[in-house]
Amino acid sequence: MNSIPTSLTLPIDGMTCASCVKRVEKALKAVPGVQDAQVNLATEAASIAGAPALDALQAAIEKAGYALRQQDLTLSVEGMTCASCVGRVEKALKKVPGVAAAEVNLATETAQVRLLAGTDPAALLGAVAKAGYQARLQGGAAAAAQEPKPAWQASGGPVLVAALLSLPLVLPMLAMPFGVHWMLPGWLQLLLAAPVQFWLGARFYRAGWAALRAGSGNMDLLVALGTSAAFGLSLWLMWQGDGGHALYFESAAVVITLVLLGKWLEARAKRQTTAAIRALQALQPQTARVRRDGVEQELPLAALRLGDEVIVRPGERIPVDGELLEGRSQVDESLITGESLPVEKAPGSRLVGGSVNGEGLLRLRCTALGAESTLARIARMVEQAQGHKAPIQRLVDQVSAVFVPVVILIAIATLLGWGFATGDWERALLNAVAVLVIACPCALGLATPAAIMAGTGVAARRGILIKDAEALEHAHRLQLVAFDKTGTLTEGKPRLVAAEGDADLLRLAAALQAGSEHPLAHAVRDAVKAQAELAVPAATDLQAVAGRGLRARVEGQDLALGSSRFMRELGVDLAPWLARAELLQDEGRTVSWLAAVGAAPRLIGLLAFGDALKPEAAAAVAALHEQGIRIALVSGDNRGAAERVARELGIDEVRAEVLPEDKARIVGELKDGGRRAVAMVGDGINDAPALAAADVGLAMATGTEVAMAAAGITLMRGNPALVADAIAISKKTYAKIRQNLFWAFIYNLVGIPLAAFGLLNPVIAGAAMALSSVSVVGNALLLTRWKGKAT
C-alpha cells in the first residue's frame, strides 16, 4: 500500500471512551514515520502527521482492537486496450492518498477501489485522467457491460469503412499469385489509406500519446508506431519519385483494419461473458400489483414499501422478495437457483423476486426491496467476482509492466540490425514494423479475466454464486471437503422420535425451547402441538450455553436441556438411560437430555430426534470421490449419529461432538499444516468460523446470512451435489486460464522472433495480432457450454 502525505484524517470505528482514544493514539505513534497522532472521540477520527504506510497504520489500529473505516467504489474506465493499460491505471489509483487497494479488470473495463471513508472520489477520477484514460463512478461491472456503445461502433461501422477503403489497396497483392501485376497510382493509394490511418486509426494515436505522456507504452502505441512507419516509408518513396517501386500504404491500412476488426469481435465476445448478469437483471419486473387499503393498484417498484401486500397472477413473474400469505402454486426459480423443476409454494413459503408463478393466484408480503433483494445480491456477488483478479493474474501484471518497452527495444534492434547488416533500410523498417504489430499485450490482459467472467457467469446460471476470483481459483486444487451434518447433508427438519423419562419431560422441555429457533426446538414444539392436553409452563432466567444447550427456571426448578457433554459438566448422572441413549445413537438419532440441576442434579429424561438424509447426499459424496477428493463430517452431533450418517454415505472420516468454537480448529487440523487444501460446507451461524478458516468456504443459501457472508461460494439450492459442480467449474475455469496464458505467451514468444528475422509480412502480423485476443476470449466462452451434473 502507498504511503500517506504529511497529514491525513483516518476515520476509526469502535471507540467508545477516553481510554479508547489513548490506546489508539499510543498505537499510531508507535508506527514508523508518524510524527504525531491526535484522536478525537466525537468525530471518531485520527489526525496523522508524517508519512507512514497506510497498511502499517491499519495494522496498528486493528491490533489495538479497532477498525479503520473504509469504503469500496467501482469505477468505469474507458480507453484501456491491453494489460499495460491495466497496470498503469492501477499504479495511478494506488498513488491517491487514502487508497488502500485497487484492482483493474480489462475484460469488464472497471476498477474496484478500496479507500478511506470520506475520501473524495474526484481524486480517483483525476488520477485516472492524468494517466491518460477516462473514468467515472458507476454501480458495478454489470452496469458497464450494459451501457450501450454508440450505434456506429456497436454495428462495426468503423471496421466496415476501413475494409472498404483497404480492399482496393490489397487487391493487387491478392492478384499477384495469378500472374496479374498491376498497381494503383500512388496518389490514389494515399487518398484511400489516409482516412484509415488518421481518421479511423486516430484512436491509436490518442491512446498511444496518452501512454507516452504517462511515461509508459501500450498496444495502441505499438500499432501507431508500426503503421506510421509503413505510411511514412510510402510517402518518402513517393517523394523520391520512384513510381515503379512498391508502396506500403496497404500494409498500414490493412493492419489498422484488422486490429479494428479484432477489437470489435473482442467487444462482442466480452459482452457474452456478462450475459449471466444481464439475464439476472432482466428478470426483475418494473412494476408490481399492490393491495393498499383494500384497493389493488399497479405501482413502479421504486414506490413499494416493506410490508406491502403484492398480488401475483398465474404466469406472472414475481416482482419482489416476500413471504407467501395466501395461495398455492408451483414456482419456477431456475434462472435464480438453477433448480430445473418448479418448486411447490404454500402459505409461509419464501418467494424470490424474478421467479415465475405457475397456476395459482398468490398474495405475498414484501420482505426485501432494491439492493437488499435476492436478485440484486446475486448480481452484486457475480459482479464482484468478475471484477476481482485471480492470484495467477499477478504474473501477467509483472510481465505486462515491461512488455511494451521491451518490444520497442526489439523493434529498434531489428531496424538497426537489418539496416547495417544488409544496407536495405526499407526491408529493415518493414521488419521493425512487423515486430511492433505482431506484439500483443492485449491477449495477456484478457487471458485470466475473460475465463473468470465466463466461469462465474455459467456457475451463476447453475445456482452456484462465486463471491471472489480467489475462491474460484483455489477450488480446483481441493483435496478434502468437510461437511456439516444438519441442514447440509440432512434435511435440517428433525422430528421427535422418542421421549423417555418422567411424565413431565415433554412439557418441561417445551418450556425451555419456547423461544428458540433451533431445529430441535421446532421438533419439540411440533410434538407438543400434537398433544393438545399438554400445558406448557413459562420459563424464566433463560440462558443459552453455546454448543451445549439451555438453562432456565421452570415451576421453581433449575432445569438444563442439552448434550451429553453439557450434562457431564453439570454433574448429572446419565446411567439410568445411558444404554437406551447409545442404542438410539447407533440408529443415527440425535439425543438431548433434560435434568434438574439444583444442589442434587437429577436426570428427568431423554429426547431423541431423527433427521432424514437429503436425497442428493449420497450422489454428492460419490461425485466428490470420483474427483479424487476425501470427505470428512464435522458435526456437533453425538458420535453415534454422525458415524451412522458417515456409514450410509461412504464418508471417509468423522469429527463428532465438535463445539462451534472448535470447528475452525478442526478445519485447521484437516489442512495438515497447509499440506492439504480443504473446503468447508455449512449453513449455520456456528459454521461461519470454519467457513472462513477453510481454503474455500461453501455455504447453503437455505441457511443463515452469516454463513453466506463468511463463505467464498454460495450454493443457491440446498443440494449438496452442487459442491462437486462448484469444484468442477473451478477446474475447468482454471484450465482455461492456463490455456489462455500459454497461448498468449507462446504467441508472443514465437511471433516476435519470426517478425524480427524478417519471416512475417506486416499484414500477416496484424492479422495474427487481431486473432490472438479474439481467440483468447473465444476459448474462455467455451465454458458457457458447461452444464454440471447436479439436478
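Going from atom CZ of Arg69 over to atom CG of Asp13 covers 4.5 Å, rounded to the nearest 0.5 Å. Rounding to the nearest 0.5 Å places CG of Asn357 at 4.0 Å from CG of Leu362. Taken to the nearest 0.5 Å, the CZ atom of Arg717 stands 8.5 Å off from the CD atom of Glu616. With values rounded to the nearest 0.5 angstrom, Met700 atom CE is found 7.0 Å from Asn719 atom CG. Note: Leu520 CG to Leu607 CG = 9.0 Å, rounded to the nearest 0.5 Å. The distance from the CZ atom of Arg350 to the CG atom of Asp321 is 6.0 Å, given to the nearest 0.5 Å.
When all heavy atoms are compared, the tightest approach of Pro537 to Leu508 is CG-CD2, 4.4 Å. Val528 and Ala510 make their closest contact through CG2-CB, 3.6 Å (heavy atoms, listed as atom of the first residue, atom of the second, distance). Between Glu109 and Met80, the shortest heavy-atom distance links the atoms CA-CE, 3.8 Å. Closest approach of Val554 to Ala539, counting heavy atoms only: CG2-CB, 3.7 Å. When all heavy atoms of Val320 and Ala368 are compared, the pair lying nearest together is CB-O, 4.2 Å.
Counting only heavy atoms from C-beta outward, the side chains of Thr590 and Pro494 never approach each other to under 4.5 Å. A heavy-atom distance below 4.5 Å is found between the side chains of Val356 and Arg317. In this structure, the side chains of Asp526 and Arg495 stay at 4.5 Å or more apart for every pair of heavy atoms. Put simply, the side chain of Arg328 reaches to within 4.5 Å of the side chain of Pro347, judged on heavy atoms. In this structure the side chain of Leu369 reaches within 4.5 angstrom of the side chain of Leu306, judged on heavy atoms. When side chains are defined from C-beta on, Arg136 counts as touching Glu78, because their heavy atoms get closer than 4.5 Å. Ile318 is not listed as a side-chain neighbour of Lys345, based on a closest heavy-atom distance of 4.5 Å or more. Residues Leu301 and Gln286 form no side-chain contact, since every pair of their non-hydrogen atoms from C-beta on lies 4.5 Å or further apart.
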Apply the test side chain to side chain contact (heavy atoms under 4.5 Å, CB included) to residues Arg461 and Thr784: give CA-CA distance (whole Å), side-chain angles for both, the deciding distance (0.1 Å), then the verdict. CA-CA 10 Å; Arg461 288 198 295 273; Thr784 59; 3.9 Å; yes

Val89 vs Leu75, side chain to side chain contact (heavy atoms under 4.5 Å, CB included): CA-CA, chis, key distance, verdict: CA-CA 11 Å; Val89 174; Leu75 304 181; over 6 Å; no

- request: Start with the C-alpha gap between Arg291 and Glu296, add the side-chain angles, then the distance that decides, and say whether salt bridge (Lys or Arg N to Asp or Glu O under 4.0 Å) holds.
  value: CA-CA 4 Å; Arg291 180 180 294 172; Glu296 287 188 17; 3.3 Å; yes

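Taking a cutoff of 4.0 Å between a charged side-chain nitrogen and a carboxylate oxygen, Asp484 and Lys663 qualify as a salt bridge. With salt bridges taken as basic N to acidic carboxylate O contacts below 4.0 Å, one links Arg507 and Glu555.
Side chains of Thr287 and Glu298: a donor-acceptor N/O pair is present below 3.5 angstrom, by distance only.
Remark: Arg525 CZ is packed, more than 12 non-hydrogen atoms of other residues, nucleotides or ligands lying under 6.0 Å away.
With Val96 as reference, Leu124 is the one residue of Val128, Leu125, Leu124 to meet the side-chain contact (heavy atoms from CB on, under 4.5 Å) rule. Here the options are Val312, Asp308, Ile311, the test is side-chain contact (heavy atoms from CB on, under 4.5 Å), and the partner is Leu364; only Val312 passes.
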